Amino acid sequence: MTPRRAFLPLPREFFARSVLEVAPELVGAILVRELPGGGRLTGRIVEVEAYDGERDLACHASRGRTPRNETLYGEPGRAYVYLCYGMHFLLNAVSAKAGYPAAALIRAIEPLDGREAMRPGRSVSVTASRPERIASGPGRLSRAFHVDLSLNRIDLCAKGPLWIAPGEPVRPRDLVRGPRIGVESAGAPWNRKAWRFGLRDHPALSVRF
DNA sequence: CTCTCGATGTTCT
DNA sequence: GAACATCGAGAGG
């Protein structure tokens, strides 16, 4: 019998901490997607950003609680999925204790199992020539892993349609950080916080550090 | 490589 | 109307 990896989900306590601890530790972890029709997609998380509370003007919760961001205020360890720019679904892991809105945005994944079932962008040319970049961006990874609004609020701490398992440890020198992407308009100091974490020089990064 | 711009829908002013 | 945690095409260097 082939020793197949168990991919046990990370426990809820992992996510029930400050997102500034959770986000960097998610780098290197494994995202597992069970497709409705059968088939499993897996990939290594190589880039994550932290969004921390109502005071963080780049966080969706900065203007208070709304129907859209309700999940952010709930139990840690759940998926917060929302529609961005009218056409991309972005995947977050809710962090901190319930009632405190914080989440880690998963921004890029190195494809592992099930690559043939990952959906490329509308342009075949880009991803066909660089298959390792099929999930190299928050919108692209959701498309590749078939993540949409139906997965909002699902539990990432239990086997189901989507969960996160521990990966191989990341050497400290391979973990790099820098300012978050696409949050210029949040203004200082929020657009300058070095709350983006990733694997040094990894080809699947959405943008180089 | 860089820059610019349109797509597309929900939320806020 | 404008803004928005994005992406990819097209033009230009």
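Hydrogens, waters and symmetry mates play no part in the numbers below; they use all other heavy atoms, side chains included. In this text, all values refer to a predicted model and were calculated from it rather than measured experimentally. Chain naming here is simple, since letters A, B, ... match the order of the sequence lines and numbering starts at 1 in each.
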Side chain of [X], heavy atoms from C-beta onward: which of [options] has the nearest atom to it?
X      : options              : value
A/S185 : B/dT11, C/dT6, C/dC4 : C/dC4
A/L90  : B/dG9, C/dA5, C/dC7  : C/dA5
A/H88  : B/dT10, C/dA5, C/dT6 : C/dT6
A/Y82  : C/dT6, C/dA5, B/dC12 : C/dA5
A/M87  : B/dG9, C/dA5, B/dA7  : B/dA7
A/P138 : B/dT11, C/dC7, C/dA5 : C/dC7
A/I181 : B/dC12, C/dT6, C/dA5 : C/dT6

Identify the stems formed by DNA chain C, where each pair is Watson-Crick or G-U wobble with both distances under 3.5 angstrom and a stem is at least 3 consecutive pairs.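 Looking at DNA chain C, the stems formed by three or more consecutive pairs are B:1-7 with C:6-12, B:9-12 with C:1-4.
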
Check step by step if side chain to side chain contact (heavy atoms under 4.5 Å, CB included) holds for A/N92 and A/H60. CA-CA 11 Å; A/N92 299 252; A/H60 276 176; over 6 Å; no

Just checking A/G86: base, sugar-phosphate only, or nothing, at a heavy-atom cut-off of under 4.0 Å? base

Counting any heavy atom closer than 4.0 Å, what does A/R180 reach on the DNA or RNA strands: base, sugar-phosphate only, or nothing? nothing

Using whole Å, what does the distance between atom [atom2] of nucleotide [N] and atom [atom1] of [X] come to?
X      : N      : atom1 : atom2 : result
A/Y85  : C/dA2  : OH    : P     : 16 Å
A/E47  : C/dA5  : CD    : P     : 16 Å
A/E49  : C/dC4  : CD    : C1'   : 15 Å
A/N191 : C/dA3  : CG    : C1'   : 16 Å
A/R63  : C/dA2  : CZ    : P     : 16 Å
A/L72  : B/dT11 : CG    : P     : 14 Å
A/D56  : C/dC4  : CG    : P     : 14 Å
A/R133 : C/dC7  : CZ    : C1'   : 12 Å

More than 12 heavy atoms of other residues, nucleotides or ligands under 6.0 Å from CZ of A/R192: yes or no?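 At most 12 heavy atoms, drawn from other residues, nucleotides or ligands, come within 6.0 Å of this atom.
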
In this structure, are over 12 heavy atoms from other groups packed under 6.0 Å from A/K97 atom NZ? no

Please round to the nearest 0.5 Å and tell me the distance separating atom CD1 of A/I106 and atom CD of A/E49.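 Spacing of CD1 (A/I106) from CD (A/E49) equals 11.5 Å.
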
Sub-3.5 Å donor-acceptor pair from the side chain of A/R180 to the main-chain atoms of A/K193, do we have one? no

Does [X] have a side-chain nitrogen or oxygen under 4.0 Å from the phosphate oxygens OP1 or OP2 of [N]?
X      : N     : answer
A/R140 : C/dG8 : yes
A/H60  : C/dA5 : yes
A/S206 : C/dT6 : no
A/R143 : C/dT6 : no

Linked, directly or transitively: A/Y100 and A/L156 (ILVMFWY side chains, under 4.5 Å): no

Can you tell me how far C1' in C/dG8 sits from the matching atom in B/dT10, rounded to whole Å? 22 Å

For A/F15, is the NZ or CZ atom of A/R12 found under 6.0 angstrom from the centre of its six-membered ring and inside 45 degrees of the ring axis?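 No.
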
Run the side chain to side chain contact (heavy atoms under 4.5 Å, CB included) test against A/A61 and tell me which residues pass, sequence neighbours left out.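 Partners of A/A61 by the side chain to side chain contact (heavy atoms under 4.5 Å, CB included) criterion, ordered by chain and then number, come out as A/E54, A/C59, A/L72, A/Y73, A/P101.
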
Check for me: is A/Y51 stacked on C/dA5 by the 5.5 Å centroid and 30° plane-angle rule?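 The base of C/dA5 is stacked with A/Y51 (centres under 5.5 Å, planes under 30°).
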
